[in-house]
2 protein chains.
Amino acid sequence: MIEDRYRVQSVGRALDILEKIAVAGKGGARLTDLAQEVGITKAAAYGTLLTLKARGIVTDVGEGLGKRYRLGLALVRLGDLALSGTGIADVAMPVLRQLTQTTGITSRVAIWDEDAAVVVGRADAPDAIRLDSALGRRERPHCSAVGKIFLAAMPRSEALELLERIGTPTRTPKTLSTLPALDAALDTVVAKHYAIDDEEDHEGVICIAAGVFGHNGATVGAISVTTLKQLLPNAAVPALAQTLIDHANRISLALGGLPAQTGWRARA
Amino acid sequence: MIEDRYRVQSVGRALDILEKIAVAGKGGARLTDLAQEVGITKAAAYGTLLTLKARGIVTDVGEGLGKRYRLGLALVRLGDLALSGTGIADVAMPVLRQLTQTTGITSRVAIWDEDAAVVVGRADAPDAIRLDSALGRRERPHCSAVGKIFLAAMPRSEALELLERIGTPTRTPKTLSTLPALDAALDTVVAKHYAIDDEEDHEGVICIAAGVFGHNGATVGAISVTTLKQLLPNAAVPALAQTLIDHANRISLALGGLPAQTGWRARA
DNA sequence: AACGCTGTTTTGTAATATTAAACAATAGCT
DNA sequence: AGCTATTGTTTAATATTACAAAACAGCGTT
C-alpha cells in the first residue's frame with residue numbers, strides 16, 4: 001500500500017506547479033499566481049521554479065515584472081521517450097494519417113493505462129473544427145469510444161467492477177450512466193467489433209473506435225475517428241466503422257498481432 | 001544571479017532520477033540501480049519514485065523483484081503542451097512530411113533555446129536507416145546544420161562570443177573547431193541561404209538546413225534534411241538545398257513571416 | 001536449506017525546505 | 001510627476017521534512 005508519509009512533499013509541490021503552468025497554456029503563468037494556486041509561499045515557489053528552470057523543465061519569458069513561466073523543451077524529449085515506450089504510437093501514426101486523409105476525419109490512437117484510455121497519437125483533419133485532441137488526454141472509459149473498446153475486451157465482471165469503482169458520471173443527456181446499460185453496450189461492441197460514443201461525452205460530437213491486438217490476442221490499443229454528429233449520417237456509420245477496423249487490422253499486423261476477427265473471438 | 005542555495009534539492013534529485021529512467025530506455029530502470037547512479041539511498045529514491053508514480057510521471061512494470069520503472073504517460077501530455085507552445089512545430093509538420101515524401105530523406109525542425117538548436121519536429125523516412133532523430137535533442141551550434149543557421153542569423157560578434165563561451169568540441173576529424181573557420185563558414189551560410197554539416201558531428205552523416213523567418217524578420221526556426229553522405233553526391237547538394245529553402249519559405253509564409261531572400265538580407 | 005539479491009518499511013536525526021518579512025523595481029493611477 | 005499597489009527577488013530563522021542507516025520480507029539461485 002502506498003502511504004502518504006513516504007512521499008516527498010517538495011516533489012509533489014513541484015508537480016503541482018508544473019500542472020498549473022501546463023493549464024496556463026501559451027500565455028504562461030506568473031510566480032505570484034502559481035504560489036497562490038498551489039498554496040505555498042512566493043519564496044517556496046520561486047526556489048522550485050529556479051530548480052525546474054535549470055533543467056529546462058520550465059522556461060521563463062520576459063524580464064523583471066510580469067515575468068511568465070512556460071513549459072520547457074526538456075519536456076519535449078521526455079514526452080517523446082515516453083511515447084516511444086508505448087510501442088504502438090510510432091507504428092500507428094502513418095496508418096492514422098492515411099485514415100484521416102481518405103476520410104477527412106480526425107483520428108487518434110489510445111492505449112490503456114491506470115483505468116483510462118490515454119491518447120498517444122493523433123492525425124488532425126486540416127479543415128475540421130479543431131476538437132480537443134491533445135496528446136496525453138485521458139478519456140473516461142464509460143463515455144468514450146476507445147474506452148469502451150478496452151472495457152469490452154476485458155472480462156465483463158472486471159469491467160463492471162472497474163466502472164463501479166471509478167464511477168460513471170453523466171456528461172451529457174445521452175451518457176450511459178447505469179451499469180446495465182453499459183453492460184449491454186459492451187455486448188454490442190463485442191458483436192460488431194467496433195464501439196461508438198454517440199454524444200455521450202460531448203454534445204454534438206460522435207466517435208467510433210476499433211481495437212488493435214497484439215501477438216497473443218491482447219488488446220494493446222484502440223484507434224478512433226472523431227467528428228461532429230451533424231456531419232455523419234447514421235447510415236454512414238457502418239461503412240466508416242469497417243474502414244476503421246481495416247486500418248486497425250493493418251496496425252495489428254504491423255505489430256505482429258492478430259486481426260480483429262480473431263481478436264474478438266474469445267470475448268464473444 | 002541564480003544561487004544554489006535557493007534551489008530545492010529534492011526536486012533536483014527527482015529530475016536526476018527521471019533522467020536516469022529516460023536513458024534506461026524501453027527496458028526500464030531498477031530501484032537499486034537508480035539510487036546508486038544518482039547517489040542517494042534506496043529509501044530516498046523509493047519515496048521520490050512513489051511521488052512521481054502517483055502523478056503518472058513514471059510507471060512501474062512488473063511486481064516484486066526486478067520491478068522496473070519507465071517514463072509515464074503524464075509526460076506525453078506535458079511534452080505535447082510544451083511543443084504547442086513553440087508555435088512552429090504544428091505548422092511545420094505537414095510541410096516536413098511532404099519534404100520527406102518527395103525527397104525520401106528524413107527531415108526535422110528545430111528552434112533556438114538556451115545556446116542550442118532543439119529538435120521539435122521530425123518526419124522520418126520510412127526506409128532510411130534510423131538515425132538518432134529523437135525529439136527534444138539539443139544540437140550543438142557549431143557542428144550542426146540547424147545550429148549554424150541560428151548562429152549566422154545573429155550578429156556575428158554575438159555568435160563568436162557564444163561559441164567561445166560554450167566551446168567548440170571536436171566531434172569528428174571534419175569538425176570546424178576554430179573560430180576563424182567557423183566565422184568563414186557562417187559567411188557562406190549568409191551568402192547561400194543554407195547551411196551544411198558535412199560529417200562534422202557524425203562520420204558518414206551529412207545535414208543541410210534552411211531558416212524559417214517570422215513576421216519581423218527574426219529567425220524563428222530552421223528545418224533540415226539528414227542522410228548518409230554516401231547517398232548524397234556533392235553535385236546534388238545545391239538542388240536539394242534549394243528544395244529545402246522552398247519548403248522553409250512555405251513555413252515562414254504560414255507563420256505570416258518573410259521568405260528567405262528577405263530574411264537574410266539584413267545579415268549580408 | 002542457506003545465501004544473495006531484490007523492493008519495502010521503520011525510526012531518529014540533521015539537514016532541508018519553508019515561512020514570514022523586508023527589498024527593489026516596475027506599471028498604473030490620481 | 002509623485003504616490004500606490006504589485007511584481008520578482010533576497011534574506012534570516014525556525015521546524016518541518018527528507019534523508020541515511022538498518023532491519024524486514026520475498027523471491028531466485030547456488
Within the structure shown, what part of the strands sits under 4.0 Å from A/Ala44 by heavy-atom distance: base, sugar-phosphate, or nothing?
base
Check this one for me: any side-chain N or O of A/Tyr46 less than 4.0 Å away from OP1 or OP2 of D/dG8?
no
Measure from CG on B/Leu50 to C1' on C/dT9 and round the result to the nearest Å.
11 Å
Flag the pair B/Asp201 and B/Lys148 as a salt bridge only when some basic side-chain nitrogen lies within less than 4.0 angstrom of an acidic carboxylate oxygen.
no
Interatomic distance where CZ belongs to A/Arg68 and C1' belongs to D/dG8 [whole Å]:
13 Å
At their closest point, which heavy atom of B/Gly79 faces which heavy atom of A/Val76, and how far apart are they?
O-CG2, 4.0 Å
Does B/Arg137 pair with B/Glu139 as a salt bridge, N-O distance under 4.0 Å?
yes
For B/Lys67 and C/dC5, what is the distance between atoms NZ and C1' respectively, to the nearest whole Å?
16 Å
DNA chain D-proximal residues of residues 10-35 of chain A, any heavy atom under 4.0 Å:
A/Ser10, A/Arg30, A/Leu31, A/Thr32
Atom CD1 of B/Ile40 to atom C1' of D/dA21: distance rounded to whole Å?
14 Å
Rounded distance (nearest 0.5 Å) linking atom OG1 of A/Thr219 with atom CH2 of A/Trp112
11.0 Å
Could you tell me whether a side-chain N or O of B/His142 sits under 3.5 Å from a main-chain N or O of B/Pro169, the two making a donor and an acceptor?
yes
Expressed in angstrom and rounded to an integer, what is the separation of A/Gln36 atom CD from D/dG8 atom P?
12 Å
Contact state string [nucleotides 22-30 of chain D, B base, S sugar-phosphate only, - no protein heavy atom under 4.0 Å]
----BB---
Quickly work out the B/Gln9 CD to C/dA17 C1' distance and round it to whole Å.
10 Å
Only one of B/Arg68, B/Arg70, B/Lys53 forms a salt bridge (charged side-chain N to carboxylate O under 4.0 Å, His left out) with B/Asp60, so which one is it?
B/Lys53
What is the distance, to the nearest angstrom, from the NZ atom on A/Lys53 to the P atom on D/dG8?
13 Å
Bending between helix ends of the helix from C/dA1-D/dT30 to C/dC23-D/dG8 [5 pairs per end, 10° resolution]
40°
Should A/Arg122 and B/Asp80 count as an ion pair when the cut-off is N to O under 4.0 Å?
yes
Please determine if A/Asp115 and A/Arg138 form a salt bridge, counting it only when a charged side-chain N lies under 4.0 Å from a carboxylate O.
no
Residues two or more places apart in sequence or in another chain: which of them pass ring pair (Phe, Tyr, Trp, His ring centres under 6.0 Å) with B/Phe213?
B/Trp264
Length of the line joining B/Arg7:CZ and C/dA15:C1', which is rounded to integer Å:
18 Å
Which pairs with one or both residues in residues 22-32 of chain A pass side-chain hydrogen bond (donor to acceptor under 3.5 Å, both in side chains), sequence neighbours excluded?
A/Arg30-A/Asp33
Going by ring-ring contact (aromatic ring centres under 6.0 Å, His included), name the pairs with one or both residues in residues 65-92 of chain A, residues two or more places apart or in two chains.
none
First of A/Gly66 and B/Ala45 reached from the 5' end of DNA chain D, by closest nucleotide:
A/Gly66
